[in-house]
Colleague: 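The structure that follows is given in the form of structure tokens.
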Amino acid sequence: MRALSLSVSLGILLCLADGLLSSSARADDAQLTPQETFFIQKVRPLFEQKCLGCHGATPDDIKGEYNMLTRAALIKGGESEEPAVIVGKPEQSPFWKAVTWKDDSIQMPPQERNRLNDAEIEIIKQWIADGAVWTDRNLAPPTTNSANAAQEIVMSTSGGQSPTWTNRTYEPEDVWAYQPIRRPDIPWQALAQTPATKRHPIDAFIQRKLQEKRLTPSPPADRKTLIRRACYDLTGLPPSLGEIHSFEKQKSPEAWSQKVKHLLESPQYGEQMTQMWIDIVRYADTSGFANDYERPNAWRYRDYLVRSFNADKPYNRFIIEQLAGDELDPADPEMLIATGFLRSGPWEHTGMSVAAVTRQLFLDDITQSVGVSFLAHSFRCAKCHDHKFDPVPTRDYYRIQAVFAPVQFADRKVAYQSYENISGFDHMKARTEKLLAETKAQQQKFKEKTDAAIAAWLKENGYKNLKQVAADKRPPLRWFGLTELEKSLLKINNKRIDYFERELKRYEPYCFSVYNGPSNNFRSTKAVNLIPGPKQRQGNVEEIFILAGGAITAPTDKVTPGVLSAMAGSNDRQNPNAWNTIPNTADGRRLALARWIASSNNTLTARVIVNRIWQLHFGTGLVATPNNFGQKGAKPSHPELLDWLATWFMDHGWSIKQLHHLIMTSQTYQQSSTPVDAEQVRTLDPSNQLLSHFPTRRLTAEQIRDSLLAITNELNPEMGGPGVFPEINWEVALQPRHIMGSVAPAYQPMPKPEQRNRRTLYAFRYRTLSDPMLDVFNRPGSEISCERRDETTVTPQVFALFNGQFTHDRALALAHLIRQKDQTLPDAVSQIFQQVTLRTPTESELKLALTHVKEMTDYHAAHPPRKIPLPREVKRSMIEELTGESFTWTEKLDLTENYIQDLKPWDVDAETRALAELCLVLMNSNEFIYLR
């Protein structure tokens with residue numbers, strides 16, 4: 001048995017069962033026996049896709065001498081000279097025993113994550129039990145003579161790993177996204193009762209569906225609701241009371257259109273849109289994994305996004321810049337910064353990493369990222385096998401991957417531009433230099449102590465220098481003479497030095513970018529990896545092979561760069577042209593792919609982005625799965641509207657701002673969130689997919705935080721620059737954050753409120769440390785692309801918003817702000833309502849609020865708060881890896897020495913604290929938290 005495992009191990013390792021094709025044989029295949037059909041449809045595709053990479057694809061390199069190209073060879077076994085399959089007896093066949101893991105000596109595949117499930121094992125068992133029937137025939141291709149075939153289509157692709165997959169058929173509705181975008185006629189008849197001057201194309205498509213269901217659209221929302229909705233959609237911030245009053249007074253028919261245009265010109269528009277985009281591309285300021293070091297200059301890509309959206313950069317240009325800005329115009333700093341997209345995902349490579357593995361992880365990651373971001377396609381399934389559901393062959397996966405084969409990481413020197421925010425660099429840099437110098441000084445003391453101990457040892461043992469001492473008798477030079485604690489601190493300080501040196505690069509003009517060339521020795525643990533010189537950039541570009549089962553140890557066919565061949569007009573293996581062909585040169589591959597994606601010929605790109613913008617406004621896209629336009633994704637609720645919007649978008653210069661204006665000027669967008677007939681809606685359209693009323697949704701985590709700062713006048717509107725460090729829960733902030741065997745310096749919020757209270761977009765984003773308040777309100781992680789945020793309602797949200805320190809501080813700040821004005825208590829209460837809920841209180845609300853504030857004033861007067869000091873240091877503990885002993889040390893929190901706290905209860909009088917409780921209640925109200 002053990003000998004057999006050597007001969008078949010790689011074959012079984014790669015033989016992961018693929019999705020099974022339809023088991024119904026056509027009439028044309030009547031001559032085939034059921035066993036032959038079973039082999040063709042289920043067994044052979046499994047062998048071709050998963051096993052032959054090592055056991056037949058390369059005759060000169062048959063692993064374990066086990067050839068699976070014929071029945072006889074497969075049954076015979078390999079170098080063990082023992083049969084792998086005993087025909088008719090699966091339980092006695094080593095091949096079957098290996099995949100069941102029943103024998104501890106033969107467990108294939110060896111990784112738990114690749115282990116075959118029961119259904120997959122049953123395929124192998126049934127095949128062996130039925131006689132291990134083998135045939136070289138194929139199923140007959142589909143014909144139009146069959147009624148079924150008339151409804152199904154065969155997709156033209158670059159070809160699967162088996163003829164069965166290549167010739168399989170699809171229901172037309174499952175491959176709608178690959179078909180050319182149509183230009184449907186606007187169904188104006190649906191608006192026959194609407195005056196011609198008020199007809200809107202979007203409303204025509206929406207109304208047609210509503211009329212089919214006999215649903216009545218809601219009337220227009222009131223103007224306060226409308227402007228609040230628009231402000232959050234386009235800026236992520238609440239409107240001011242002045243904005244609301246001004247808009248309510250305007251009676252012009254053009255007032256709404258002009259207001260939308262005004263908001264689109266707000267600098268905060270770019271910040272709001274960037275927040276959407278970084279969800280998709282997984283932006284963070286650190287690398288993730290075990291070495292979650294800072295990416296010192298990643299912030300320049302984030303600011304590039306803000307500038308691009310504010311400038312209404314045509315979306316097709318926006319795509320090209322992020323994928324291939326360095327190839328498009330390498331002399332333009334903005335183009336080099338834009339390519340930060342290519343490095344947005346988590347990634348690390350250390351001295352303990354296998355270069356080939358980490359390189360493949362990047363190639364897999366960027367292939368997937370491009371697929372979901374721009375094409376709404378998850379390509380990851382095709383890494384190991386031809387896609388189970390979509391017409392995405394494995395060959396396409398690796399051809400797209402080959403586009404990125406020349407991409408190498410680099411920190412490129414790019415001077416700071418006049419429009420970039422580098423204010424405050426000197427002060428922040430000086431602080432990091434001080435911490436670095438202090439750490440190095442402590443290391444120097446350890447070194448001096450070691451040197452002195454060695455000198456004493458040499459003298460005691462009669463040596464003049466170390467050269468006289470045999471190598472095996474020398475003392476441990478690194479930490480000789482140090483205590484166990486000092487030895488541990490020596491290692492910790494080395495990591496702190498690395499950390500601070502990397503932090504210093506935040507203030508130097510590099511950009512987080514790429515270049516084309518042969519593989520380099522990039523390591524994520526280095527503070528800066530500069531672009532090599534011209535000689536080092538010469539050489540052969542990495543070759544890309546189809547990997548059997550996705551394993552780098554099982555390369556099969558070599559591939560050249562290509563595109564998604566199933567898309568209409570994109571199969572360069574049948575009809576090559578300038579648009580669908582990617583050059584095989586080192587330079588230009590990404591630019592060609594970017595132009596293919598950004599073309600009006602591409603059936604996916606425009607549909608994908610207009611769907612994302614629709615989702616931003618309505619909470620759900622016309623396709624409810626914005627990252628998945630495949631068979632397992634949602635079908636379009638209004639396919640004609642989706643295509644009409646896509647064509648309109650391209651006709652109008654790929655302008656996202658114009659698309660916003662178009663959507664927001666429709667009556668569909670402006671309608672109330674209250675349905676006309678709630679019972680009928682619950683019966684006929686419970687998910688409001690047809691939009692008979694505007695969907696209510698909760699503010700995002702960032703909008704909640706930014707809004708609380710805005711209504712208290714604490715929000716600093718400064719834009720851009722390196723990530724800032726706001727206050728987060730102190731217990732979370734001071735938890736140890738491990739970086740490869742050590743603890744990173746403690747999280748410390750910035751000392752001044754104006755530094756801390758920037759928009760959440762600019763908060764430094766760790767992958768391994770997050771703000772619990774944001775997380776509990778469903779801010780997504782930065783590991784995978786987020787297509788649509790969850791909107792949960794869970795108990796921890798109450799703890800975060802009603803009991804959390806951040807909300808309490810904002811409530812106190814608002815109460816203090818109101819108290820600065822010379823006004824009566826009823827007026828103060830009324831103003832609090834206006835600030836938080838944007839309306840005056842009702843008579844009953846005012847009465848209840850006044851009673852509460854008076855009672856709480858008496859309570860707080862009798863119960864003065866206890867002052868809580870800020871922490872000045874934190875105790876750390878670790879397990880010493882060499883001895884297994886625990887050790888502790890103290891880390892100073894230097895930024896708390898001159899820390900300016902937000903207003904605290906002990907800073908104000910009892911009435912202010914009582915008013916703050918009313919503020920807190922309103923900040924937790926649905927009126928504040930939800931957008932209607």
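Note: hydrogens, waters and symmetry copies are ignored here, and every other heavy atom, side chains too, is used. Numbers here simply count residues along the sequence, with the first being 1.
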Colleague: Evaluate whether atom CG of Asn577 has more than 12 neighbouring non-hydrogen atoms of other residues, nucleotides or ligands under 6.0 angstrom away.
Modeller: yes
Colleague: Are Ile202 and Leu645 packed together at the side-chain level, in the sense that at least one heavy-atom pair is separated by less than 4.5 angstrom?
Modeller: yes
Colleague: Identify the two heavy atoms, one from Arg229 and one from Ser673, that lie closest to each other, and give their separation to 0.1 Å.
Modeller: NH2-N, 4.3 Å
Colleague: Is there a side-chain contact between Trp579 and Asn602 (heavy atoms, below 4.5 Å)?
Modeller: yes
Colleague: For Leu234 and Leu264: C-alpha separation, side-chain torsions, deciding distance, then whether side chain to side chain contact (heavy atoms under 4.5 Å, CB included) applies.
Modeller: CA-CA 7 Å; Leu234 296 182; Leu264 288 168; 3.8 Å; yes
Colleague: Is a donor from one side chain sitting under 3.5 angstrom from an acceptor on the other, for Ser687 and Gln689?
Modeller: no
Colleague: Supply the atom-to-atom distance Ile663 CD1 to His617 NE2, rounded to the nearest 0.5 angstrom.
Modeller: 5.0 Å
Colleague: Using 30° and 60° as the class limits, which term best fits the ring planes of Phe649 and Trp654: parallel, tilted or perpendicular?
Modeller: perpendicular
Colleague: Between Phe374 and Phe341, what is the ring plane arrangement, given parallel below 30°, perpendicular above 60°, and tilted in between?
Modeller: tilted
Colleague: Are any side-chain N or O atoms of Thr581 and backbone N or O atoms of Ala578, one a donor and one an acceptor, separated by less than 3.5 Å?
Modeller: no
Colleague: Is the side chain of Asp386 donor-acceptor paired with the backbone N or O of Gly160 at a distance under 3.5 Å, no angle test?
Modeller: no
Colleague: Salt-bridged, Asp279 to Arg789, with N to O below 4.0 Å?
Modeller: yes
Colleague: Go through it in stages, so that I can follow the logic: the residues are Ile656 and Tyr269, the test is side chain to side chain contact (heavy atoms under 4.5 Å, CB included), and I'd like the CA-CA distance, side-chain angles, deciding distance and then a yes or no.
Modeller: CA-CA 11 Å; Ile656 291 178; Tyr269 165 77; 3.5 Å; yes
Colleague: Indicate yes or no for a side-chain donor-acceptor contact from Ser672 to the backbone of Pro219 under 3.5 Å, with no hydrogens or angles considered.
Modeller: no
Colleague: Is there a side-chain contact between Leu547 and Gln360 in this structure, where contact means two heavy atoms from C-beta onward sitting under 4.5 Å apart?
Modeller: yes
Colleague: Quick one: side-chain hydrogen bond (donor to acceptor under 3.5 Å, both in side chains) pairs with a partner in residues 309-328, sequence neighbours left out?
Modeller: Trp277-Gln322, Tyr301-Gln322, Tyr304-Glu321, Ser308-Lys313, Asp312-Ser655, Lys313-Glu321, Arg317-Glu321, Asp326-Arg590, Glu327-Asn516
Colleague: Quick check: does any side chain N or O of Thr696 sit under 3.5 Å from a backbone N or O of Arg932, one acting as donor and the other as acceptor?
Modeller: no
Colleague: Could you grab the distance from atom CG of Asp233 to atom CD of Gln272, nearest 0.5 Å is fine?
Modeller: 7.0 Å
Colleague: With a 3.5 Å cut-off and no angle check, do the side chains of Arg302 and Thr274 form a donor-acceptor pair?
Modeller: no
Colleague: Answer yes or no: is there a side-chain heavy-atom contact under 4.5 Å between Phe404 and Ile544?
Modeller: no
Colleague: Enumerate the side-chain hydrogen bond (donor to acceptor under 3.5 Å, both in side chains) contacts for residues 199-208, please, sequence neighbours excluded, ordered by first and then second residue.
Modeller: His200-Thr665, Asp203-Thr668
Colleague: Enumerate, atom names and distances included, each donor-acceptor pair closer than 3.5 Å involving a side-chain atom of residues 172-182, sequence neighbours excluded.
Modeller:
from: Asp174; atom 1: OD1; to: Lys635; atom 2: NZ; distance (Å): 3.4
from: Tyr178; atom 1: OH; to: His377; atom 2: NE2; distance (Å): 2.6
from: Gln179; atom 1: NE2; to: Val175; atom 2: O; distance (Å): 3.3

Colleague: Is Arg399 salt-bridged to Asp572, going by a charged N under 4.0 Å from an acidic O?
Modeller: yes
Colleague: Would you give the length of the straight line joining atom OG of Ser156 to atom CG of Asn575, rounded to the nearest 0.5 angstrom?
Modeller: 7.5 Å
Colleague: Is the shortest side-chain N to carboxylate O distance from Arg282 to Asp365 below 4.0 Å?
Modeller: yes
Colleague: Should the heavy atoms of other residues, nucleotides or ligands under 6.0 Å from CD1 of Ile186 be counted, would the total exceed 12?
Modeller: yes
Colleague: For Gln631 and Asp390, indicate whether the former's side chain and the latter's backbone hold a donor-acceptor pair under 3.5 Å.
Modeller: no
Colleague: Is Arg589 reaching over with its side chain to a backbone N or O of Asn584, donor-acceptor style, under 3.5 angstrom?
Modeller: yes
Colleague: Measuring from atom OH of Tyr170 to atom CE of Met155, what distance do you get when rounded to the nearest 0.5 angstrom?
Modeller: 7.5 Å
Colleague: Find the distance between CD1 (Ile206) and OH (Tyr669) and round it off to the nearest 0.5 Å.
Modeller: 14.5 Å
Colleague: Quick one: do the Asp706 and Thr760 side chains pair a donor with an acceptor below 3.5 Å?
Modeller: yes
Colleague: Would Phe777 and Thr700 count as a side chain to side chain contact (heavy atoms under 4.5 Å, CB included) if you check the C-alpha gap in whole Å, the side-chain angles of each, and the deciding distance to 0.1 Å?
Modeller: CA-CA 7 Å; Phe777 283 103; Thr700 65; over 6 Å; no
Colleague: Side chain to side chain contact (heavy atoms under 4.5 Å, CB included), that's the test. Do Lys383 and Thr367 meet it? Break it down for me.
Modeller: CA-CA 10 Å; Lys383 170 184 175 180; Thr367 303; over 6 Å; no
Colleague: Hey, is Arg573 close enough to Asp396 for a salt bridge, meaning N to O under 4.0 Å?
Modeller: no
Colleague: Does a side-chain heavy-atom distance below 4.5 Å link His660 with Leu263?
Modeller: no
Colleague: Distance-only, no hydrogens or angles: does the Asp332 side chain make a donor-acceptor pair with backbone N or O of Glu334 under 3.5 Å?
Modeller: yes
Colleague: With no hydrogens and no angle check, is any side-chain donor or acceptor of Trp256 less than 3.5 Å from a backbone partner on Met664?
Modeller: yes
Colleague: Whether the side chain of Ser599 engages the backbone of Trp596 through a donor-acceptor N/O pair (distance < 3.5 Å, no angle test) should be reported.
Modeller: no
Colleague: May I ask you to test the Val407-Ile366 pair for a side-chain heavy-atom distance under 4.5 Å?
Modeller: no
Colleague: Roughly how far, to the nearest 0.5 Å, is OG of Ser692 from NZ of Lys209?
Modeller: 14.0 Å
Colleague: Would you check, one step at a time, whether the test salt bridge (charged side-chain N to carboxylate O under 4.0 Å, His left out) holds for Lys657 with Glu265?
Modeller: CA-CA 9 Å; Lys657 284 190 176 182; Glu265 293 306 312; 3.6 Å; yes
Colleague: Determine yes or no for a side-chain-to-main-chain donor-acceptor pair under 3.5 angstrom, with Ser570 supplying the side chain and Ala566 the backbone.
Modeller: no
Colleague: Looking at Phe629, is Arg607 sitting on its ring face, NZ or CZ under 6.0 Å from the six-membered ring centre and within 45 degrees of the normal?
Modeller: no
Colleague: Report yes if some heavy atom in the side chain of Leu641 is under 4.5 Å from a heavy atom in the side chain of Trp614; otherwise report no.
Modeller: yes
Colleague: Taking the side chain as C-beta and beyond, is there a heavy-atom pair between Leu375 and Val608 under 4.5 Å?
Modeller: no
